[in-house]
Chemist: 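First the structure, which I've put down as structure tokens, then a few questions once you've had a look.
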Amino acid sequence: MNSETSIEVAAMRPQSLIRQRTLTRLRWFAIAGQTVVTLFVQFVLKFDLPLIPIGLAILSSILVNLWVIQTKPLSNALTPNEIAAHLIFDTAQIGVVLGFAGGILNPFSVWLLLAPMLAAFALEKWRAYLVIGAVIAVLTITAIWHTPMPGGVTLPHIYIFGSWAALMLGVTFTAAYARQVAVAQSKLTTALEATQAVLSREERLTAVGGLAAAAAHELGTPLSTILVTAREMEGDLPDGPLKEDAQLLISQTQRCQKILMRLSDVGSSDDVRHAELTLEEMLHQAAKPFLNQEGPDVHFVFDPDSDLAPPERLKRQPAIIYGLRTLIENAVKFADKTLRISARWDQKELLVIIEDDGPGFPPDVLKRLGEPFARQGTTRYQTRRQGLGLGFFIAKTLLERTGATLCFGNGRRLPGAWVEISWPIANLYVKEKRDISVGKEKLKHDG
């Protein structure tokens, strides 16, 4: 199983986040509600109820709650088996109360809808089906066997059947809705975790570049000293093995210096040259992996109609470079011959448009593009536009975190797909920082 498949399978599995405290509080609420309603019907409305069996059912819930409180910390997350057992017990307990109080004709039979909703949200399919089956069994049993409604009210069997059918539909739709919410939430959580992992990786790579530049700077001086000393030794030594060793030392030292020069080109994360870049540098860095390889021609177009110079002193943000690179990679993958990266700007806004001459976004994907794990419903474009799910979502999320707004479609200047990214330009400029050290010295002097 590849990584993308494993991520998607994980996203389709709701993860249990229900804690003991949640179900305990819900059960206390049910106990209080059942007690108040029973006493109100018996002593205020003056309807006779079988108080002993109803009271025993309520007492069983109280005892279970007290046992749970004594045996397990309320902050503990429940296992799937524990959640299923709690929900099945609560379903049976409510069924007993309803059975002695009019069955499904009792208006409070809607309490039975809570268990399948929680099961569909928190459990995998087979355990959720087990709980839903228990609810269906209780509904069916209480529809067939129950004491008369308080007050001796009797209703036709067709009305009982209608109530049973309505509750069954309620169980089905609430469980299905809760399941869809759980799956969507799990997908979003998984995708956001992947987004955070990607951003952390880019930040680590940026930090590595800074460390490389620092190492190059620190090692430059001792290597220069070694080189000078080795040359002096070469001049003083007679021909022979020692002189050859000195020459080897000189050549290897020069090789080290060349390596350090290449490392220093990465720049330091602390220096101004690395922290800032121009618009052209930002776009070229994003597209760099695709410029010298086989594939479509990549064309950069910088707004020829603007009276303003291209933005400079932009803040280097790994999220922007990675997000643009992901979008460019997608365009490169599906372009036929041409990929166009254009930029327009004014005093308030910067726009970057990525276009290709490929088949464009499939219509069914275009409606959901930007959602995690977007799927295609047709096979028309399957061979040309695959993988438009998590990667596009990660790019969109990273860019939006920098203040960007994305829109996309088909057939702009080129016949294929296009993506437009716009930023308030103030979000991209390097913010001026006060020299704190100078301020401290001034305060010390004034003091």
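The first residue of the sequence shown is numbered 1, and numbering continues consecutively from there. Heavy atoms only: backbone and side chains are in, while hydrogens, waters and symmetry mates are out.
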Chemist: Judged by atom type as modelled, is there a donor-acceptor pair below 3.5 Å linking the side chain of Asn410 to the main-chain atoms of Gly360?
Modeler: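 No.
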Chemist: Does the side chain of Leu339 come within less than 4.5 Å of Phe290's, by heavy atoms?
Modeler: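 Side-chain contact under 4.5 Å: no.
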Chemist: Does Val68 form a side chain to side chain contact (heavy atoms under 4.5 Å, CB included) with Leu23? I'd like the steps, not just the answer.
Modeler: CA-CA 10 Å; Val68 168; Leu23 290 184; over 6 Å; no
Chemist: Would you confirm whether Asp356, through its side chain, and Gly416, through its main-chain N or O, come within 3.5 Å as a donor-acceptor pair?
Modeler: no
Chemist: Can you tell me how far the CG atom of Asn65 sits from the NE2 atom of His86, to the nearest 0.5 Å?
Modeler: 8.5 Å
Chemist: If we only count heavy atoms from C-beta on, is the Val96 to Gln93 side-chain gap below 4.5 Å?
Modeler: no
Chemist: Under 6.0 Å from the CG atom of Leu169, do we count more than 12 heavy atoms belonging to anything else shown?
Modeler: yes
Chemist: Could you report the tightest heavy-atom contact between Asn427 and Gly403, atom names first, then the distance?
Modeler: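 Asn427 and Gly403 have their closest heavy atoms at ND2-CA, 3.8 Å.
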Chemist: Can you name the closest pair of heavy atoms from Pro311 and Tyr429 and give their distance?
Modeler: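 Taking Pro311 first and Tyr429 second, the nearest heavy atoms are CB-OH, 3.8 Å.
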Chemist: Thr338 and His299: which non-hydrogen atoms are nearest, and at how many Å?
Modeler: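 So the minimum-distance heavy-atom pair works out to CG2-CD2, 3.6 Å.
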Chemist: Would you find a donor on one side and an acceptor on the other, under 3.5 Å apart, between the side chain of Glu355 and the backbone of Arg413?
Modeler: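 The answer is yes, because a donor-acceptor pair under 3.5 Å joins these two groups.
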Chemist: Output the distance between atom NE2 (His157) and atom CD1 (Ile144), rounded to the nearest 0.5 Å.
Modeler: 11.5 Å
Chemist: Quick one, Leu114 and Met117 - any side-chain contact, counting heavy atoms below 4.5 Å?
Modeler: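 In short, these two side chains touch, coming nearer than 4.5 Å.
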Chemist: If a pair satisfies salt bridge (Lys or Arg N to Asp or Glu O under 4.0 Å) and one of its residues is in residues 289-299, list it, with sequence neighbours excluded.
Modeler: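 As it turns out, there is no salt bridge (Lys or Arg N to Asp or Glu O under 4.0 Å) pair with a partner in residues 289-299 once direct neighbours are skipped.
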Chemist: Under the 3.5 angstrom rule, does the side chain of Asp357 hit a backbone N or O of Leu414 as a donor-acceptor pair?
Modeler: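 Such a contact is absent between Asp357 side chain and Leu414 backbone.
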Chemist: Please check if atom CZ in Phe408 has more than 12 non-hydrogen atoms from other residues, nucleotides or ligands closer than 6.0 Å.
Modeler: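 Check passes, neighbour count above 12.
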Chemist: What's the spacing between Thr397 OG1 and Leu406 CG if we round to 0.5 Å?
Modeler: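 Going from the OG1 atom of Thr397 to the CG atom of Leu406 covers 9.5 Å.
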Chemist: Please tell me if the side chains of Val97 and Trp111 come closer than 4.5 Å, counting only heavy atoms from C-beta onward.
Modeler: no
Chemist: Measure the shortest side-chain to side-chain distance between Phe100 and Ile52 over non-hydrogen atoms and say whether it is less than 4.5 angstrom.
Modeler: no
Chemist: Determine the interplanar angle of the Trp345 and Phe302 rings, folded into 0 to 90°, and report it as parallel if under 30°, tilted if 30 to 60°, perpendicular if over 60°.
Modeler: tilted
Chemist: Restricting to pairs with a member in residues 134-150, which pass side chain to side chain donor-acceptor pair (under 3.5 Å), not counting sequence neighbours?
Modeler: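 Every side chain to side chain donor-acceptor pair (under 3.5 Å) pair that includes a residue of residues 134-150, provided the two are not neighbours, is Thr140-Trp164.
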Chemist: Once rounded to the nearest 0.5 Å, what's the spacing between atom OH of Tyr322 and atom CD of Glu329?
Modeler: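 So the gap between those two atoms works out to 7.5 Å.
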Chemist: Start with the C-alpha gap between Ile320 and Leu428, add the side-chain angles, then the distance that decides, and say whether side chain to side chain contact (heavy atoms under 4.5 Å, CB included) holds.
Modeler: CA-CA 10 Å; Ile320 291 180; Leu428 304 179; 3.6 Å; yes
Chemist: Return each pair, listed once, that meets salt bridge (Lys or Arg N to Asp or Glu O under 4.0 Å) where at least one residue sits in residues 25-37; pairs must be two or more places apart or across chains.
Modeler: Arg27-Asp90
Chemist: Please examine the side chains of Leu351 and Glu420, heavy atoms only from C-beta on, and report whether any two atoms are closer than 4.5 Å.
Modeler: yes
Chemist: Look at the side chain of Glu312 and the backbone N and O of Thr278, then say whether any donor-acceptor pair between them is shorter than 3.5 Å.
Modeler: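 Between the backbone of Thr278 and the side chain of Glu312 there is no qualifying donor-acceptor contact (under 3.5 Å).
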Chemist: For Trp423 and Ile421, which heavy atoms make the closest approach, and how far apart are they?
Modeler: CH2-CG2, 3.5 Å
Chemist: For side chain to side chain contact (heavy atoms under 4.5 Å, CB included), just list the numbers for Leu314 and Glu281, CA-CA rounded to whole Å, side-chain angles, deciding distance to a tenth of an Å, and then say yes or no.
Modeler: CA-CA 10 Å; Leu314 301 180; Glu281 289 172 340; over 6 Å; no
Chemist: Step through the shown structure and confirm whether more than 12 heavy atoms of other residues, nucleotides or ligands are within 6.0 Å of CG on Leu45.
Modeler: yes
Chemist: Considering all heavy atoms of both residues, which atom of Ala343 and which atom of Leu283 are nearest to each other, and what is their separation?
Modeler: CB-CD1, 4.1 Å
Chemist: So which heavy atom on Ile132 is nearest to which on Pro116, and how close?
Modeler: CG1-CB, 3.8 Å
Chemist: If you measure from CG on Leu279 to CG on Leu350, what distance do you get to the nearest 0.5 Å?
Modeler: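 Interatomic distance, Leu279 CG to Leu350 CG, rounded to 0.5 Å: 5.5 Å.
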Chemist: Quick check: does any side chain N or O of Arg325 sit under 3.5 Å from a backbone N or O of Gln285, one acting as donor and the other as acceptor?
Modeler: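 Yes, because the side chain of Arg325 sits within donor-acceptor range (under 3.5 Å) of the backbone of Gln285.
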Chemist: Can you confirm whether Ser163 sits close enough to Leu105 that some side-chain heavy atom of one is under 4.5 Å from a side-chain heavy atom of the other?
Modeler: yes
Chemist: Surrounding CZ of Phe300 (heavy atoms of other residues, nucleotides or ligands, distance under 6.0 Å), is the total greater than 12?
Modeler: yes
Chemist: Side chains of Trp418 and Cys407: closer than 4.5 Å at any heavy-atom pair?
Modeler: yes
Chemist: Going by side-chain contact (heavy atoms from CB on, under 4.5 Å), Leu112 matches just one of Ile136, Thr91, Leu167. Which one?
Modeler: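 Going through the options one by one, the only one that passes is Thr91.
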Chemist: Please step through side chain to side chain contact (heavy atoms under 4.5 Å, CB included) for the pair Leu130 and Leu123, ending with a clear verdict.
Modeler: CA-CA 10 Å; Leu130 185 64; Leu123 300 175; over 6 Å; no
Chemist: Just verifying a value: how many Å separate Asp364 CG and Leu369 CG, rounded to the nearest 0.5 Å?
Modeler: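 Here the rounded value is 11.0 Å.
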